[in-house]
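One structure is given here, and the rest of the page talks about it.
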Amino acid sequence: MAHELPELGYEYDSLEPYFDARTMEIHHSKHHAGYVRKLDKALEGYDDLLNRDVEDLIKNLNDLPEDVKKGVRNNGGGHYNHSLFWKILKKDVEPKGEVVEKIKETYGSVDDFKEKFKEMALGVFGSGWAWLVYNPESDELEIVKTQNQDNPLTQGKIPLLEIDMWEHAYYLKHQNEKAKYVDDFLNIINWDKVNENYLEAKKT
Ligand code: MN3
């Protein structure tokens with residue numbers, strides 16, 4: 001197997017009471033693991049692609065052979081998106097750093113940003129993700145949404161943080177209360193990691 005399920009780096013119950021341990025466990029060990037397994041399956045017979053980093057595959061999605069494109073889009077996307085998701089979650093991290101300065105400049109305040117982000121997240125129809133991305137062309141931040149496991153990297157934008165709006169991400173705990181799930185997410189953003197992502201993205 002060429003691609004690997006990353007460790008969470010924390011316990012499944014670390015994000016309680018916002019995200020429950022059972023959801024985290026199933027989400028990571030079943031859903032995310034499934035994307036990794038199916039990504040490698042989709043790449044069978046392409047040894048060069050099996051050994052390529054998933055981020056690199058997603059960025060160059062449109063140049064991949066036709067018969068693997070869909071598998072990489074769905075499962076490579078699933079692998080990349082979840083890998084980032086786990087890293088940008090942590091309790092009790094104050095919003096600070098250059099990214100927060102840029103957020104204030106762009107949206108007015110962190111609370112205004114949260115409001116706009118929540119609106120975008122709740123606007124995802126069906127399964128998908130909402131994102132805060134850095135657009136290297138304009139040197140600006142943007143809030144965007146994607147369907148299924150699509151990723152803004154394919155459009156040349158760099159993800160800084162994102163929320164999983166698939167039902168499997170919240171249904172066990174929040175059921176139909178999607179807005180409550182988004183509020184809980186907004187309370188456990190790892191701003192240190194998001195700032196790191198921003199500083200890295202600015203280098204491109
Ligand atoms: Mn998910």
Side-chain angles (χ1 to χ4, degrees), residues 1 3-43 53-55 57-59 61 69-91 114 117-133 143-155 157-190 193-194 197:
M1 296 295 251
H3 294 96
E4 275 179 33
L5 179 68
E7 298 275 337
L8 272 192
Y10 47 83
E11 301 299 320
Y12 287 129
D13 65 1
S14 296
L15 303 172
E16 293 267 11
Y18 302 100
F19 285 8
D20 62 295
R22 183 82 181 123
T23 297
M24 287 298 291
E25 182 177 357
I26 296 172
H27 202 172
H28 176 257
S29 71
K30 305 290 184 206
H31 290 280
H32 188 172
Y35 291 116
V36 176
R37 197 175 57 240
K38 287 182 221 158
L39 171 62
D40 281 354
K41 183 117 186 66
L43 295 175
D53 183 65
V54 67
E55 181 171 340
L57 291 173
I58 304 283
K59 273 186 192 161
L61 185 63
K69 220 177 253 186
K70 190 174 168 213
V72 171
R73 183 175 175 183
N74 292 336
N75 300 299
H79 178 25
Y80 175 91
N81 296 350
H82 288 89
S83 299
L84 177 66
F85 190 52
W86 311 134
K87 286 190 201 141
I88 55 108
L89 299 174
K90 194 176 183 180
K91 278 202 305 198
K114 285 185 174 181
F117 186 85
K118 182 177 176 180
E119 203 177 304
M120 184 65 79
L122 294 176
V124 174
F125 183 76
S127 298
W129 298 73
W131 309 78
L132 176 67
V133 298
I143 298 171
V144 300
K145 61 183 172 182
T146 56
Q147 288 300 128
N148 303 313
Q149 297 296 355
D150 287 352
N151 186 296
L153 273 175
T154 310
Q155 275 86 50
K157 294 171 183 179
I158 303 168
L160 305 179
L161 71 84
E162 23 117 75
I163 183 171
D164 190 339
M165 293 306 292
W166 286 56
E167 276 191 355
H168 69 228
Y170 61 85
Y171 209 81
L172 271 183
K173 176 180 165 74
H174 297 88
Q175 283 95 47
N176 60 317
E177 294 189 83
K178 246 194 224 190
K180 178 74 172 52
Y181 162 67
V182 178
D183 287 337
D184 279 345
F185 164 81
L186 291 168
N187 273 313
I188 49 171
I189 294 176
N190 183 350
K193 183 64 193 169
V194 175
N197 293 343

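Remember, it's a predicted structure, so these values are computed and weren't measured experimentally. All ligand and atom numbering here is 1-based and tracks the order in the structure.
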> By atom name, which N, O or S atom of H82 is the nearest to the Mn ion (ligand 1)?
Replying inline: NE2
> Among the N, O or S atoms that D164 has, which is closest to the Mn ion (ligand 1)?
Replying inline: OD2
> Any chance the side chains of N151 and N81 put a donor and an acceptor closer than 3.5 Å?
Replying inline: yes
> Just checking, is any N or O donor in the side chain of H27 or H168 under 3.5 Å from an acceptor N or O on the other one?
Replying inline: yes
> What heavy-atom pair brings S14 and K91 nearest, and what distance separates the two atoms?
Replying inline: O-CE, 3.3 Å
> Which atoms form the tightest heavy-atom contact between H79 and V36, and what is the distance?
Replying inline: ND1-CG2, 3.5 Å
> Roughly, to 10 degrees, what angle do H27 atom NE2 and H168 atom NE2 form around the Mn ion (ligand 1)?
Replying inline: 100°
